[in-house]
Amino acid sequence: MELKITCIPGDGIGPEIVAQAKRVLDAVAEKYGHSMQYTDILMGGASIDVHGVPLTDEAVETAKSADAVLMGSIGGDTTTSPWYKLPPNLRPEAGLLGIRKALNLFANLRPAVLYEELAGACPLKTEISEKGFDMLIMRELTGGLYFGERKTVTENGLRKAIDTLTYDESEIRRIAVKGFDIARKRKKKVTSVDKANVLDSSRLWRAVVEEVAKDYPDVTLEHMLVDNCAMQLVKDPAQFDVILTENMFGDILSDEASMVTGSIGMLASASLNDTKFGLYEPSHGSAPDIAGKDLANPIATILSASMMLRYSFDLDKEADAIDAAVKQVLTDGYRTGDIMSAGCEQVGCQKMGDLIVERIK
Ligand code: NAD
């Protein structure tokens, strides 16, 4: 298979971690007989330095012409970098918002996995963490409270603020379909999270999710109220497979889920549109404090590349090979500084890439 991938190395540690992810993809391509064609584009601070803007139309067109986009991270030190003296629409993050919009990415996927080798980093009690967990939060990204009408008015001398939470059934249906499709590639369970005891938007959410579920009789559907879900994530995270939820609930729950893994350098993510196209990136930022020092953990980006193979190209066997190589490196006792623990061998970004590539070949 020929895979056309646009890469956004970005800023800070971005170029270092994307370089390692490309090496891992190349190793998979060689082993399984695929060919990878990469085109790099500039975004964020790197684009500001060259073009004066965080994202150019040409860069967007290049991304659109690919089958998928693999990104490192963008942004600099927000207190010292000159990029943050620019108006908000010209700062690095505006590039990310711009590309998400231009590519119509409405489904955000954030896996939260606790590897038994890293259980010590999990802030939960041992009797909970020893069971491990492997969940994926699927968050609707372009609707709901963050995109509804809002205003602040003064009535009878009192300031009053109004935000509107709106979803129509097509917005709910397209993310539900993605959620069930992805559950089919996993443990075949969807937990749809809402606040249907209070909100009309949640009652519609629940009704549409149930309609979609009829097309997936092999996938188990359960509903959970968002407040209960927030508790269950720390009480019994092993119960979850795919958590399907709207924008604001997903924003909060995905951060909670990533915190319980305890390892920021391990967390992949993807944003998808209604085709197979997606943008894949680590959940962490550009870590300017360690940039250029060969200290970054490339695993979140490497696991994002694995998600790209699985969800944009349906290359599940190849994605499994990457996931297994990452797990093997951890079992063999290698760690970057961020996940280092006693008795393990500390390695840099490049060496971690070498070790994963070796285990794929
Ligand atoms: P950050 O995630 O970059 O860093 C937080 C801490 O985690 C730092 O100590 C950093 O060294 C460490 N860290 C992060 N990733 C690591 C990795 N792969 N390996 C080892 N250690 C790692 O968050 P921040 O410091 O708040 O933000 C830095 C910049 O990144 C800001 O400009 C911010 O806006 C940007 N940012 C970008 C994205 C994105 O590109 N999607 C996301 C979040 C933050």
Side-chain angles (χ1 to χ4, degrees), residues 6-21 24 41-49 54-55 59 63 69-86 88-101 103 105 108-110 113 115 118 121 139 141 251 254-255 258-259 261-271 278-305 307 326 329-330 334-341 344 346-353 355-356:
T6 292
C7 293
I8 308 177
D11 307 316
I13 60 171
E16 298 167 67
I17 53 182
V18 168
Q20 298 314 314
V24 170
I41 58 172
L42 297 176
M43 199 173 94
S47 175
I48 297 173
D49 289 347
L55 181 67
V69 179
L70 179 66
M71 188 178 122
S73 46
I74 50 117
D77 183 321
T78 50
T79 47
T80 58
S81 165
W83 299 329
Y84 296 91
K85 297 202 167 60
L86 296 166
N89 64 329
L90 290 179
R91 290 181 193 171
E93 287 69 17
L96 187 54
L97 295 177
I99 201 159
R100 282 186 179 149
K101 189 159 180 227
L103 300 175
L105 304 171
N108 182 244
L109 275 63
R110 286 201 18 204
V113 180
Y115 293 89
L118 303 180
R139 163 188 171 195
L141 209 51
D251 186 8
S254 59
D255 272 5
S258 55
M259 268 317 293
T261 70
S263 313
I264 192 173
M266 302 288 299
L267 297 168
S269 86
S271 303
L279 183 147
Y280 298 83
E281 56 171 322
S283 294
H284 58 72
S286 60
D289 52 331
I290 56 166
K293 297 180 180 161
D294 194 34
L295 288 174
N297 184 350
I299 293 180
T301 317
I302 290 168
L303 292 173
S304 302
M307 290 180 81
V326 166
V329 162
L330 299 176
Y334 296 104
R335 305 281 189 273
T336 43
D338 57 314
I339 52 172
M340 184 56 190
S341 61
C344 293
Q346 186 164 339
V347 297
C349 182
Q350 164 93 25
K351 176 76 180 168
M352 183 55 94
L355 293 164
I356 294 171

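When a residue number appears, it is its place in the shown sequence, counting from 1. Both ligands and their constituent atoms are indexed starting at 1 by order of listing.
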Mind listing the N or O contacts between ligand 1 and protein, cut-off under 3.5 Å?
residue, atom, partner, partner atom, Å
ligand 1, 2 (O), G285, N, 2.8
ligand 1, 3 (O), S286, N, 3.2
ligand 1, 3 (O), A287, N, 2.8
ligand 1, 9 (O), D289, OD2, 3.1
ligand 1, 11 (O), D289, OD1, 2.9
ligand 1, 11 (O), D289, OD2, 3.0
ligand 1, 15 (N), H284, ND1, 3.3
ligand 1, 18 (N), H284, NE2, 3.1
ligand 1, 18 (N), N297, O, 3.0
ligand 1, 19 (N), N297, N, 2.9
ligand 1, 30 (O), S286, N, 3.0
ligand 1, 30 (O), S286, OG, 3.2
ligand 1, 32 (O), G76, N, 3.2
ligand 1, 32 (O), G76, O, 2.6
ligand 1, 32 (O), Y84, OH, 3.0
ligand 1, 34 (O), E93, OE2, 2.6
ligand 1, 40 (O), I74, N, 3.0
ligand 1, 41 (N), E281, OE1, 3.1

Could you list all the salt bridge (Lys or Arg N to Asp or Glu O under 4.0 Å) pairs where at least one residue sits in residues 285-296, not counting sequence neighbours?
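As it turns out, there is no salt bridge (Lys or Arg N to Asp or Glu O under 4.0 Å) pair with a partner in residues 285-296 once direct neighbours are skipped.
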Measure the [atom1]-[atom2] distance between [X] and [Y] for me, rounded to the nearest 0.5 Å.
X: S81; Y: D11; atom1: OG; atom2: CG; answer: 8.0 Å
X: I48; Y: L42; atom1: CD1; atom2: CG; answer: 11.0 Å
X: R91; Y: T78; atom1: CZ; atom2: OG1; answer: 9.5 Å
X: L267; Y: T261; atom1: CG; atom2: OG1; answer: 4.0 Å
X: I339; Y: L118; atom1: CD1; atom2: CG; answer: 5.0 Å

